[in-house]
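Report on one structure; see the data block that follows.
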2 protein chains.
Amino acid sequence: MNAAADTFRRLGRPATRGRGEVLRILSESPIPLSPREILERIPEPRPDASTVYRSLSLMISLGLVRSVALHERSRRYEAVTEGTHRHRVVCRGCGRIESFQPKKCDLSRIENDIRGALGFDVSDHSLEFFGACAECGRKKGRGR
Amino acid sequence: MNAAADTFRRLGRPATRGRGEVLRILSESPIPLSPREILERIPEPRPDASTVYRSLSLMISLGLVRSVALHERSRRYEAVTEGTHRHRVVCRGCGRIESFQPKKCDLSRIENDIRGALGFDVSDHSLEFFGACAECGRKKGRGR
DNA sequence: CCCATGACTGCAAATATATTGCATTCGCAA
DNA sequence: TTGCGAATGCAATATATTTGCAGTCATGGG
């Protein structure tokens, strides 16, 4: 009856509460979260921060979670969802983060170029956009 | 006679040695470097680490340098060079980093989609590829 | 349902990374 | 050469992440 817990059991890992909460929180969040944000969202009794880090690193090795780098001091994490591919859009003015599901993400041409030029076999990519959100763009636009 | 120093003077900033070294090192490096790597490459007498961090943050605000996030513990930095646009390719096997100059980086369509869907005005993007380099791919390929 | 066992957790300490206050020194222009 | 504001060194502090270890929990077997 608990999706996160089942996921762990299926993978042969004990389904502990902290671990389940981390995965649930990431699955429910529309944007990637930092370890600190994840911790803050776990209802009491809250696990230790080290448990959150250990959970994240386990889930990454199980392929349940991936990291997202938005050029901040700490990395963020998101749940891996089958069949979705998202890019992040970050506002330089207010820090707002949004996810964007591209109509069609075709970087395969670039990936082929890379294979040809460097012999690298690309399995994955990470694409983030930076700029001004509607609100901040408006603010800056009208004088300031 | 010193390109880095001139750059700072032109921008009305004192051209100090540490600062110049940081910019020179980044300009000469084919791959983005972490603050620690930058510091290690400055010849004696080496400035304090805080000077390197302060230099980087100044240069970012001056637009001379930008950060590159390769999902590591610390960010990396690279010199901004007029007219070049590069992507990074990182090997998950050995950590090797290479830069790749795309024949044509056309993400403007995606950027337009973003403007339409989210109202975000994109000014910039960051694109990194992950996979296996020629050597690591070969290793894994022939049995391991 | 209870037990054995390995996996996981909390806690505290260690490390790594980044930032800041302050007194001193440096770079630059007059 | 001198004066001033900017930059630096140093030490302290903040933040992020990792690790050792002893106690606890989750799961499968009986």
Side-chain angles (χ1 to χ4, degrees), chain A residues 1-24 32-62 64-77 95, chain B residues 1-24 32-62 64-77 95:
Chain A
M1 60 204 74
N2 178 327
D6 287 345
T7 301
F8 290 114
R9 278 188 280 261
R10 215 176 315 120
L11 292 167
R13 297 302 186 134
T16 57
R17 194 181 84 92
R19 190 176 277 180
E21 291 289 328
V22 173
L23 184 53
R24 179 186 61 76
L33 303 174
S34 69
R36 160 178 293 286
E37 291 170 330
I38 294 169
L39 186 56
E40 285 168 352
R41 294 177 193 211
I42 299 180
E44 304 276 10
R46 222 161 261 157
D48 189 75
S50 64
T51 294
V52 172
Y53 282 104
R54 283 190 275 226
S55 298
L56 288 170
S57 109
L58 171 72
M59 292 190 257
I60 285 181
S61 71
L62 294 177
L64 301 174
V65 160
R66 77 169 66 93
S67 73
V68 177
L70 300 184
H71 299 224
E72 299 166 299
R73 183 137 157 194
S74 112
R75 273 164 283 177
R76 289 173 178 268
Y77 298 86
Chain B
M1 58 208 75
N2 177 327
D6 287 345
T7 301
F8 290 114
R9 278 188 280 262
R10 214 175 319 119
L11 292 167
R13 298 300 187 135
T16 57
R17 195 182 83 92
R19 191 175 278 179
E21 290 290 328
V22 173
L23 185 53
R24 178 186 61 75
L33 303 174
S34 69
R36 160 178 293 287
E37 290 170 331
I38 294 168
L39 185 56
E40 284 168 354
R41 295 178 191 211
I42 300 179
E44 304 275 10
R46 221 161 262 156
D48 189 75
S50 64
T51 295
V52 172
Y53 282 106
R54 283 190 275 228
S55 299
L56 288 170
S57 108
L58 171 73
M59 292 189 258
I60 284 181
S61 70
L62 294 176
L64 301 174
V65 160
R66 76 168 68 93
S67 71
V68 177
L70 300 183
H71 299 224
E72 299 166 300
R73 186 132 151 193
S74 112
R75 272 164 283 175
R76 290 172 177 270
Y77 298 85

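Numbered from 1 within each chain, the chains take letters A, B, ... in sequence-line order. Values below: all heavy atoms of this structure, side chains included; hydrogens, waters and symmetry mates excluded.
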Straight-line distance of A:S34 OG to A:L70 CG, nearest 0.5 Å: 10.5 Å
Interface with DNA chain D, restricted to residues 42-53 of chain B and to heavy atoms under 4.0 Å: B:P47, B:D48, B:S50, B:T51
Sidechain-backbone polar pair: A:T51 side chain, A:P47 backbone, donor-acceptor under 3.5 Å: no
Overall bend - the helix from C:dC1-D:dG30 to C:dA30-D:dT1, comparing terminal axes fitted on five pairs, nearest 10 degrees: 40°
Closest contact, heavy atoms only, B:V52 versus B:P35: CG1-O, 4.1 Å
Interatomic distance where CZ belongs to B:R73 and C1' belongs to D:dT17 [whole Å]: 5 Å
Ion pair A:E37/A:R41, N-O distance below 4.0 Å: no
Which atom of B:S67 lies closest to which atom of A:H71, heavy atoms considered: OG-ND1, 2.8 Å
Can you give the donor-acceptor pairs under 3.5 Å from side chains of residues 16-24 of chain A to other protein atoms, not counting sequence neighbours?
{"from": "A:R17", "atom 1": "NH2", "to": "A:P43", "atom 2": "O", "distance (Å)": "3.1"}
{"from": "A:R17", "atom 1": "NH2", "to": "A:P45", "atom 2": "O", "distance (Å)": "2.3"}
{"from": "A:R19", "atom 1": "NH1", "to": "A:P14", "atom 2": "O", "distance (Å)": "2.8"}
{"from": "A:E21", "atom 1": "OE1", "to": "A:R24", "atom 2": "NE", "distance (Å)": "3.3"}
{"from": "A:E21", "atom 1": "OE1", "to": "A:R24", "atom 2": "NH2", "distance (Å)": "2.5"}
{"from": "A:R24", "atom 1": "NH1", "to": "A:E28", "atom 2": "OE1", "distance (Å)": "3.0"}

Rounded distance in Å - CG (B:L62) to P (D:dA6): 14 Å
Residue whose closest nucleotide on DNA chain C lies nearer the 5' end, B:Y77 versus B:R54: B:Y77
Test side chain to side chain contact (heavy atoms under 4.5 Å, CB included) applied to A:L11 - qualifying residues, sequence neighbours left out: A:T7, A:L62, A:L64
Sugar-phosphate, base or nothing in reach of B:R36, heavy atoms under 4.0 Å: sugar-phosphate
N or O in side chain of B:R19 less than 4.0 angstrom from D:dA7 OP1/OP2: yes
Rounded distance in Å - CG (A:L58) to P (D:dT18): 14 Å
Start and end of the DNA chain C segment that chain A contacts, any atom under 4.0 Å from a heavy atom: C:dA7 to C:dT19
Side chain to side chain contact (heavy atoms under 4.5 Å, CB included) assessment of B:L56 paired with B:I38: CA-CA 10 Å; B:L56 288 170; B:I38 294 168; 4.1 Å; yes
Nearest non-hydrogen partners of B:A69 and A:A69, listed with the distance: CB-CB, 3.4 Å
Any protein N or O atoms within reach of nucleotides 23-30 of chain D? Criterion: under 3.5 Å, listing atom names and distances.
{"from": "D:dT27", "atom 1": "OP1", "to": "A:R9", "atom 2": "NH1", "distance (Å)": "3.0"}

Heavy atoms from other residues, nucleotides or ligands near CZ of A:R46 exceed 12 (cutoff 6.0 Å): yes
